[in-house]
Number of protein chains: 2
Amino acid sequence: MTRLPWLRTRLTCIRGTMPKNTPELLKGTLDLLILKTLESGPMHGYAIARAIEEATEQALQIEEGSLYPALYRMTNRGLLRFEWGLSAANRRIKSYRLTARGRKRLKLETANWGQFTQAVARVLGEQPA
Amino acid sequence: MTRLPWLRTRLTCIRGTMPKNTPELLKGTLDLLILKTLESGPMHGYAIARAIEEATEQALQIEEGSLYPALYRMTNRGLLRFEWGLSAANRRIKSYRLTARGRKRLKLETANWGQFTQAVARVLGEQPA
DNA sequence: GTCATATACCTAGAGGTCCTATGTATGACC
DNA sequence: GGTCATACATAGGACCTCTAGGTATATGAC
């Protein structure tokens, strides 16, 4: 049971900003976030997660165990496709991009999200400005 | 295989407004919606579902197969408690109300929801007014 | 050089939530 | 007496996220 070198790294990463919020909330939304992030151009998985975290100022943490299965799923559904390539840091990466279908899906899910949050807002009794 | 009388009722109900949206989005949100609906006073399960649907102008449909398990869950967690009673229509009902814990939870989940939607909004590139 | 770190990928299994489909019961109304 | 809406309930499946584990390698510090 030797402590492997990469283990400590991971733990410190997690301990860092762990907001512990949004345990279930992320449920239907991760796909939308990924689609939106890819709208501006191709990106690889790890970078997508970082981009989302940065955009939300670490409010949302994308776990790798959610991210990679999601990318896999979405590729299978024809929303994304990927090519192997090299990152700026000279690393082997899978560069994902939206397909036409993915773009259409992004539109749909964005609209759904808008409707959904409006509906919830009505229940919460927020004044729509 | 005779067609049972209550079947048709149910089907027409469903066919009515079925928006088919929010398949996954509801995930972490149903509890919040129920808590908020009960904030104004005791209510029974069926009425809670109707209230949410009305508040959202049928944008959100609360299925009974989601509703009753949710009420059960939340009762077990000490967020709600209920008493058997009679409705205005003279029917046997379980009248639910918030516990102190439920009220605290409502606050927490409302705050979480606000943060979460803001985070998503940032990714979607919406201007925060 | 070699050690630690960050980058970059992957997966199995657990846990949780929602929905579909099904079932029962009864008050009100025609 | 039949139909409808109300009011409860639950088993099973589908789906998604997270935890926890695993591998590989470029880069910079020492």
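Not measured: the values here are computed from a predicted model.
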**Study point:** B:D31 with B:R105: basic N within carboxylate O range, under 4.0 Å
**Key:** no
Review point. Could you state the NZ-P distance from B:K94 to C:dT24, rounded to the nearest angstrom?
Key: 19 Å
Point to revise | Residue B:S66, side-chain atoms from C-beta onward, closest of C:dG27, C:dC19, D:dA26 | key: C:dC19
Exercise for review: Kindly assign one of parallel, tilted or perpendicular to the pair A:F116 and A:W113, based on the angle between their ring planes and the thresholds 30° and 60°.
Suggested key: tilted
Revision key, fill the gap. Against the side chain of B:Y96, the closest entry in D:dC16, C:dC9, D:dA9 is D:dA9
Check your understanding: Do A:E64 side-chain and C:dC9 base share a donor-acceptor contact under 3.5 Å?
Key -> yes
Point to revise | Of the listed nucleotides C:dC10, D:dA26, D:dT19, the one nearest the side chain of A:Y68 | key: C:dC10
Exercise for review: Please state how far atom CG in A:L86 lies from atom P in D:dT27, giving the value in whole angstrom units.
Suggested key: 11 Å
Exercise for review: Mark yes or no for whether A:T56, through its side chain, and A:I52, through its backbone, hold a donor-acceptor pair below 3.5 Å.
Suggested key: yes
Practice item. Could you check how far CG of A:L33 sits from P of D:dC16, rounded to whole Å? Key: 15 Å
Check your understanding: In whole angstrom, what separates B:E63's CD from D:dT10's P?
Key -> 18 Å
Point to revise | Audit row: A:K107, A:K104, side-chain contact (heavy atoms from CB on, under 4.5 Å) steps and yes/no | key: CA-CA 5 Å; A:K107 251 190 203 165; A:K104 213 188 296 180; 5.8 Å; no
Review point. Quick one: A:H44 NE2 to C:dT7 P, roughly how many Å, whole number?
Key: 9 Å
Review point. Does B:R73 place a side-chain N or O at less than 4.0 Å from the phosphate oxygens OP1/OP2 of C:dG16?
Key: no
Review point. If only side-chain N and O atoms of A:S87 are considered, is one of them under 4.0 Å from the OP1 or OP2 phosphate oxygen of C:dT7?
Key: no
Check your understanding: Between A:R92 and D:dA24, is there a side-chain N or O to OP1/OP2 distance below 4.0 Å?
Key -> no
Study note, to complete from the structure: Testing D:dT27, C:dT26, D:dA7 for proximity to the side chain of A:N90, the answer is D:dT27
**Study point:** Closest-nucleotide 5' rank along DNA chain C - winner of A:R91 and A:Y72
**Key:** A:R91
Review point. Please give, in whole Å, the distance from C:dC18 C1' to B:I52 CD1?
Key: 14 Å
Check your understanding: Could you give the CE-to-P distance, from B:M43 to D:dT6, as a whole number of Å?
Key -> 15 Å
Point to revise | Check: B:P42 main-chain N/O paired with B:S95 side-chain donor or acceptor under 3.5 Å | key: no
Exercise for review: Identify, between A:I93 and A:P69, the residue whose nearest nucleotide on DNA chain C lies closer to the 5' end.
Suggested key: A:I93
Practice item. Among the candidates C:dA8, D:dC15, D:dA9, find the nucleotide nearest to the side-chain atoms of A:Y46. Key: C:dA8
Check your understanding: Between B:I62 (CD1) and D:dC8 (P), how many Å, whole number?
Key -> 15 Å
